[in-house]
There are 2 protein chains.
Amino acid sequence: MVPGGARRSTIKQIAREAGVSVTTVSRALNDKPDIHPATKSRILSVAAQLGYTPNPMARGLVSQRTFTLGLAVRTISDMWVAQIVPAIEELARANGYEVFLSTHYADPEQELHVLEAFHQRYVEGILVISSTLGDAYPALQERWGIPIVLVSPLIATPHRYVVRTDDVGGAKAATAYLIQLGHRRIGHIGVPTWTLPGRERLDGYRQALEAHSLTYNPRWVVLGDADVTGGLEGARQILSLPDPPTALFCFNDLTAVGVLRAAREQGLRVPHDLSVVGFDDVPFACYVDPTLSTMHQDTRALGHQATQMLLERIAGDEPEAPVELQTHLIVRDSTAPPSTRLAARVHVVRPKEES
Amino acid sequence: MVPGGARRSTIKQIAREAGVSVTTVSRALNDKPDIHPATKSRILSVAAQLGYTPNPMARGLVSQRTFTLGLAVRTISDMWVAQIVPAIEELARANGYEVFLSTHYADPEQELHVLEAFHQRYVEGILVISSTLGDAYPALQERWGIPIVLVSPLIATPHRYVVRTDDVGGAKAATAYLIQLGHRRIGHIGVPTWTLPGRERLDGYRQALEAHSLTYNPRWVVLGDADVTGGLEGARQILSLPDPPTALFCFNDLTAVGVLRAAREQGLRVPHDLSVVGFDDVPFACYVDPTLSTMHQDTRALGHQATQMLLERIAGDEPEAPVELQTHLIVRDSTAPPSTRLAARVHVVRPKEES
DNA sequence: TTGTAGGCGTTATCAA
DNA sequence: TTGATAACGCCTACAA
């Protein structure tokens, strides 16, 4: 870098310039009592004129604080995550914290690396979205002496400090909604049950069926990847059954988009021939065709609450935990009462020349 | 936090434990010469056993280094950005740097705040994606004494240190491709020209038309927002013209998705009645229906090159700058040779366009 | 090959 | 109301 511009002013310089001691400068800068208003304002103006900014390292060295948080996410290229992150960053920043961001790609080994790197950087607290370390957190916390808060863990964990979505409830509500529309044959495109959300959304789905005395048909349930391809393949499989369901509750909006494609492949019109409900309510849910009915997650609240919890714990308080946020149903165009395929061919809802 | 786990070991403790001075410990830890292999290994094992991690603040205080980078992005909820960020983070981390992430929402005031916060945190360098401060960077760099590197600035800038995409070239290639398919009436759904990408993609579009002796029809160009709604509204306007184009080159994939919806609204089949080309090649480009032909941007390279440039400048080197990365066309299902449907709606066909 | 001493910029504890 | 002075943890001359 160009030399010359780099030199920073210190309290020592301010002290010299203002004709006082560094102690007095420190007092003025930190709004401490026992200082004459006149000297204080003089010092402040000198500081401003010198463009002084305190050195966080020097400060941290004595105060043992870094005002830094670590944030580990599975990937940033996930719209659900991408909505949570800014909420965290904003609240952290509003409290004087800066946040280190890192990706763990749902790999426990990588996650541990990331967390260790955070610890080495003396972060004051760690936030993990879609955590995969399960049992490890209480011990890590204890060992490192810093609080760890989990947002929607991917794996079940004994850790108390968790902010998550009520997946069971959301899945139940989504399924109940389909039942209420009149569907009796409802399938589920899910993800493996070793993941917490996968298991719980499946559970919610089953509970809703049970609550309405509908029998659970395992052939209407396919567990695959939590992306478009997963939804596509799962739906292909289910829709080629001799007795396919008339509605599908999908793990998330991505899988729902895959289902939409599969339906199109098979010449099924959504929602007329097939109703589809997603989960998450990511931004593009209202851009696909048809727009997606889905369970809305308040990602902003998720981020805020988690950060809040972390900051409270850093402050030494004991926040209420765990926190579970509710979802709510967003009805768009991918759901409707069931009809038979033949009837569907009579009504032309949308011009659809293909197939 | 639970007390007890918090205490960190220091070189002083290691020194005591190993029966040497702190200097010797420092030497051992930093691979300095002039130390007996035996003492070194003894010290190292003590350090390991104590779970020692150097205090970056103490270290930074003397070395004047933080090994921290600042990364300001417009928003993280943009798939294009979300692809660049991990590339930056990975390379930074591989070089021992941690990165602070912050959002500026394309607001110059907020961006300045963010950059100032970075400066106050003593970051060693700053990366800005979609920067909006235009003229300010050289002065900020000079004043703060730290390098700033821009990734695809939103606003034209005299700043040298820029890594960007060849927008003109990409737009030209996209348009040329449509021409080559046989289209003679090609429109553009763009964004305002006070943005650099907006202006350059429009320029590229016009250059391609000119190069093929096609006249530029201003009514076939609508500038709006760079999102789905922008594309939707722009396409509605253009497609309701008495003589609409048979192909549209869109500012990005989002606007292209909007165009797809508008086409559907009007009962137009893509690509049969209307060809659509996007820009960016974000992941969902191959999930929409029809899948989107688009100009691929190498977001990974964008992030890597920018980080590389920044690290080199931090190291005192003078990297080649600016860097411009090429795009390449991805042909999917949203483009085809023109057919007669829209042409039929044209009342007067100028002979020139028929050729 | 090792150790001593000084300082990085700041805050905290005392005494003046 | 102020100012020495001693930390905080680490590094780097310089001395031994």
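We name chains A, B, ... by the order of the sequence lines, and we start the count at 1 in each one. Bear in mind the structure is a predicted one, so any value in this text is a computation, not a measurement.
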**Q** Among D:dC10, C:dT2, D:dT2, which is the nearest nucleotide to the side chain of B:Y52?
**A**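 When the side chain of B:Y52 is considered, D:dC10 is the closest of D:dC10, C:dT2, D:dT2.
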
**Q** Any side-chain donor paired with an acceptor under 3.5 Å for A:S77 and B:Q83?
**A** no

**Q** So what does A:Y122 hit on the nucleic acid, given a heavy-atom distance under 4.0 Å: a base, only sugar-phosphate, or nothing?
**A** nothing

**Q** What integer distance in Å separates A:L29:CG from C:dG9:C1'?
**A** 12 Å

**Q** So how far off straight is the helix from C:dT1-D:dA16 to C:dA16-D:dT1, going by the axes through five pairs at either end, to 10°?
**A**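 Answer for the end axes of this duplex: 50°.
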
**Q** Taking only N and O in the side chain of B:T24, is any of them less than 4.0 Å away from OP1 or OP2 of C:dG3?
**A** yes

**Q** Please tell me whether A:T165 and A:E324 have a donor and an acceptor in their side chains that are separated by less than 3.5 angstrom.
**A** no

**Q** Could you please name the option among D:dG9, C:dT11, C:dG3 that lies closest to any side-chain atom of B:V20?
**A**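 For B:V20, the side-chain atoms sit closest to C:dG3.
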
**Q** Between B:L61 and B:T23, who's closer to the 5' end of DNA chain C by nearest nucleotide?
**A**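 Nearest nucleotide further toward 5': that of B:T23.
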
**Q** Which nucleotide wins on minimum distance to the side chain of A:S21, given the candidates D:dG3, D:dC11, C:dT10?
**A**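 Of the candidates, D:dG3 comes closest.
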
**Q** Which of the following nucleotides, D:dT1, D:dC8, C:dC8, is nearest to the side chain of B:Q64?
**A** C:dC8

**Q** Do B:S26 and B:T23 have side-chain N/O donor and acceptor atoms under 3.5 Å apart?
**A**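 Note: B:S26 and B:T23 side chains miss the donor-acceptor criterion.
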
**Q** What integer distance in Å separates B:I11:CD1 from C:dT4:C1'?
**A** 13 Å

**Q** Expressed as a whole number of angstroms, how long is the span from A:R16:CZ to C:dG9:C1'?
**A** 13 Å

**Q** Any side-chain N or O of B:T39 less than 4.0 Å from the OP1 or OP2 oxygen of C:dT2?
**A** yes

**Q** Picking from C:dT1, D:dT1, C:dG9, which would you name as closest to the side chain of B:H36?
**A**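 Ranking C:dT1, D:dT1, C:dG9 by closest atom to the B:H36 side chain puts C:dT1 first.
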
**Q** Return the orientation label for the B:W144 and B:H119 ring planes: parallel under 30°, perpendicular over 60°, tilted otherwise.
**A** parallel

**Q** Which atoms form the tightest heavy-atom contact between B:A82 and B:I76, and what is the distance?
**A**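 Looking at all heavy atoms of both residues, the closest pair is CB-O, 3.8 Å.
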
**Q** Rounded to the nearest Å, what distance is computed from the CD atom of residue B:Q120 to the C1' atom of nucleotide C:dT10?
**A**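 B:Q120 atom CD is separated from C:dT10 atom C1' by 16 Å.
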
**Q** Could you give the CG-to-P distance, from B:D31 to D:dT12, as a whole number of Å?
**A** 13 Å

**Q** Any side-chain N or O of A:R27 under 4.0 Å from OP1/OP2 of D:dT2?
**A**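 For D:dT2, OP1/OP2 do not have a side-chain N/O of A:R27 under 4.0 Å.
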
**Q** Taking 4.0 Å as the cut-off, does a side-chain nitrogen or oxygen of A:K12 come that near to OP1 or OP2 on C:dG7?
**A**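 Answer is no, no contact under 4.0 Å.
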
**Q** Over how many whole Å does the gap from A:R8 atom CZ to C:dG9 atom P extend?
**A** 11 Å

**Q** Can you measure B:F67 atom CZ to D:dC11 atom C1' for me and round it to whole angstrom units?
**A**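 Going from B:F67 (CZ) to D:dC11 (C1'), I get 14 Å.
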
**Q** Do you know the tightest heavy-atom contact between B:A87 and B:R300?
**A**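 Reported closest heavy-atom pair: CB-O, 3.5 Å.
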
**Q** Please tell me which of B:D34 and B:A58 maps to the more 5' nucleotide of DNA chain C, matching each residue to the nucleotide holding its nearest heavy atom.
**A** B:D34

**Q** C:dG9 C1' sits how many Å from A:N30 CG, rounded?
**A** 12 Å

**Q** Could you name each residue pair satisfying salt bridge (charged side-chain N to carboxylate O under 4.0 Å, His left out) that touches residues 95-124 of chain A, not counting sequence neighbours?
**A** A:R65-A:E124, A:R93-A:E98

**Q** Looking at B:K32, I'd like to know whether one of its side-chain N or O atoms comes within less than 4.0 Å of OP1 or OP2 on D:dT12.
**A** yes

**Q** Indicate the atoms forming the closest heavy-atom contact of B:R313 with B:I148, along with that distance.
**A**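 Reported closest heavy-atom pair: NH1-O, 3.2 Å.
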
**Q** Identify which nucleotide among C:dG3, D:dT2, D:dC10 has an atom closest to any side-chain atom of B:R59, counting heavy atoms from C-beta outward.
**A**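 The closest nucleotide is D:dC10.
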
**Q** Kindly say if B:N55 contacts the phosphate of D:dC8, meaning a side-chain N or O under 4.0 Å from OP1 or OP2.
**A** no

